[in-house]
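Below is one structure, written out as structure tokens; comments come after it.
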There are 2 protein chains.
Amino acid sequence: MAARRVLKYAILGLLRKDDKSGYDITSDFKQAIGQFWSAKHSQIYTELKKLLEEELISSYIELSGEKLEKKMYTLTEKGKEDLHTWLLTQDDHLETEKDVFALRLYFLKDIPSADLLALFENQLNLRTNKLNMLKEQYAYHFGEENRPVDLDADDLGHYFVLTKAISREENYIFWLMESMDIIRQRQYGE
Amino acid sequence: MAARRVLKYAILGLLRKDDKSGYDITSDFKQAIGQFWSAKHSQIYTELKKLLEEELISSYIELSGEKLEKKMYTLTEKGKEDLHTWLLTQDDHLETEKDVFALRLYFLKDIPSADLLALFENQLNLRTNKLNMLKEQYAYHFGEENRPVDLDADDLGHYFVLTKAISREENYIFWLMESMDIIRQRQYGE
DNA sequence: ATCTTCATGTAATAAGTTACATGATTCC
DNA sequence: GGAATCATGTAACTTATTACATGAAGAT
């Protein structure tokens, strides 16, 4: 996978509004944006160090409590420009969207329908939980209505990411259920 | 990304029916299964070497033409068992489905609607082309009907992967168009 | 007190891409 | 004869995960 230095731009992007620490960035990847990109703290700290060297960000220390130091990072002008250029870049091809469940499914020959259905049930569970979590997030931020009216620029990004993730999971679940029907039909012939 | 040794199992899976060369496996990743996993030839040859050492596959030479040697790989019993176990393994969590377009979108603050729409148009183009390609593949293998009746075990995997990919792209396109409507509405207020 | 979360880093390893390198066969 | 495809491999590098390592602050 890995298009060129996506983590770099993900981090620059997360710093676009406020200064953040490595820990903050790690937390962000556990929220909405974690639906579309994520990284472990070890990779984030390493990348931050690199971005500092490249002078795309600068840092200062902030105390939280008596002794605990937070290293805060700010976008430099150079960093802002680099981010801006990247944001307007058009992709010239689509990357493979890796999906281990679908891969596994491709090899299902000789697996009994009952086992296959168990795999589907498991996937359906995971996806349903995720969808519910996403819908809760949506309701919390944008209310219960289908489409909120007043979206300022900040919320818009969040709105797009949440609706994208929700629509992805709904579609996945729909396909899972359709496929399970087909397997159940086959099952009677076994 | 990368759940544990997915490429290993992708390769074992591709060898489940027939013996294949590294080149054949590379080609497979450009076909249907490439919608959900892929790898470059350099990685594939390296992994095949590793799988040989682990005695999950064995190899022999086949001549194609006068001199050109194809190194063919076969699943060993050990390899078959390993694959079978993996196929029945349930995931306990979902990986982040990385999507650079959605990531970029999250950071769209201060980008003019016109530029934003250009990014969407580009994505819409790429996705539409992909969808058409997938639909052609579907028609070629399963005909024009909505749901084929007679699917044997081999075709079923292929069927699932193709319908999954088609449904994913249709859903993506639907969401793109919905989002573009919202942006166009905002645009009048600028 | 002790558990969880906040907070930062490095080391070792695994996975994946790009570039380097070579040669045969087929199609036009 | 030349281009595209068939065919295999290694080297250098980038990206990502897991494990190691430490300590402060807040909650119960």
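If you take CZ of B:Arg5 and P of D:dT18, they are 15 Å apart, rounded to a whole angstrom. One interatomic measurement links the two molecules: CG of A:Leu68 to C1' of C:dT5, which rounds to 11 Å at whole-angstrom precision. The distance from atom CD1 of A:Ile25 to atom C1' of C:dT8 is 13 Å, rounded to the nearest whole Å. Going from atom CD1 of A:Ile61 over to atom C1' of C:dA7 covers 11 Å, rounded to whole Å. Distance, B:Lys20 NZ to D:dC6 P: 14 Å, rounded to whole Å. For B:Glu62 and D:dT8, the CD to P distance is 10 Å, given to the nearest whole Å. Between A:Leu48 atom CG and C:dG9 atom P the separation is 8 Å, expressed in whole Å. In this structure, A:Leu63 atom CG and C:dC6 atom C1' are separated by 14 Å, rounded to whole Å.
Distances were taken from every side-chain heavy atom of A:Tyr23 (C-beta onward) to each of D:dT10, C:dG16, C:dT8; the shortest belongs to C:dT8. Comparing D:dG9, D:dA16, C:dT17 by their nearest atom to the side chain of B:Gln43 picks out C:dT17. Distances from the side chain of B:Thr46 to the nucleotides C:dG16, C:dT8, D:dT10 place D:dT10 closest. Nearest to the side-chain atoms of A:His41 among the listed nucleotides C:dA15, D:dG9, C:dT8 stands C:dT8.
Ring geometry for B:Phe107 against A:Trp86 counts as tilted: the plane angle lies between 30° and 60°, on a 0 to 90° scale. The aromatic rings of B:His141 and B:His158 lie perpendicular to each other, with more than 60° between the two planes, well past the 30° mark. Taking the six-membered ring where tryptophan is involved, the planes of B:Tyr138 and B:Tyr159 are tilted, since the angle between them lies from 30° to 60°.
Within the 4.0 Å cut-off from OP1 or OP2 of C:dG9, not a single side-chain nitrogen or oxygen of A:Tyr45 is found. OP1 or OP2 of C:dG16 sits under 4.0 Å from a side-chain N or O of A:Lys98. Contact annotation: B:Ser27 side-chain N/O to D:dC6 OP1/OP2 distance is not under 4.0 Å. Put simply, A:Lys50 has no side-chain N or O that comes within less than 4.0 Å of OP1 or OP2 on D:dT14. At least one side-chain nitrogen or oxygen of A:Lys71 sits closer than 4.0 Å to the OP1 or OP2 atom of C:dG9. In this structure, B:Lys49 does not reach the D:dT8 phosphate: none of its side-chain N or O atoms is under 4.0 Å from OP1 or OP2. For B:Ser64, no side-chain nitrogen or oxygen approaches OP1 or OP2 of D:dC6 to under 4.0 Å. Applying the 4.0 Å criterion to OP1 and OP2 of D:dT8, one finds that B:Ser21 has a side-chain N or O inside that range. In this model, the phosphate group of D:dA7 is approached by a side-chain N or O of B:Lys70 to a distance below 4.0 Å at OP1 or OP2.
Checking B:Lys40 against B:Glu47, the closest nucleotide of DNA chain C that is more toward the 5' end is the one next to B:Glu47. The nearest heavy atom of DNA chain D to A:Gly65 and to B:Glu69 marks one nucleotide each, and the one closer to the 5' end goes with B:Glu69. Heavy-atom nearest nucleotides on DNA chain D were determined for B:Tyr73 and for A:Ala39, and the one closer to the 5' end corresponds to B:Tyr73.
Interface remark: the B:Ser42 side chain does form a donor-acceptor pair with the C:dT18 base, using a distance-only criterion of under 3.5 Å.
Here B:Trp175 contributes atom CH2 and B:Met180 contributes atom CE; the two are 10.5 Å apart, rounded to the nearest 0.5 Å.
The closest side-chain donor-acceptor pair between A:Asp19 and A:Tyr60 falls under 3.5 angstrom.
With respect to A:Lys50 and A:Glu53, no salt bridge is recorded, no charged nitrogen being found less than 4.0 Å from a carboxylate O.
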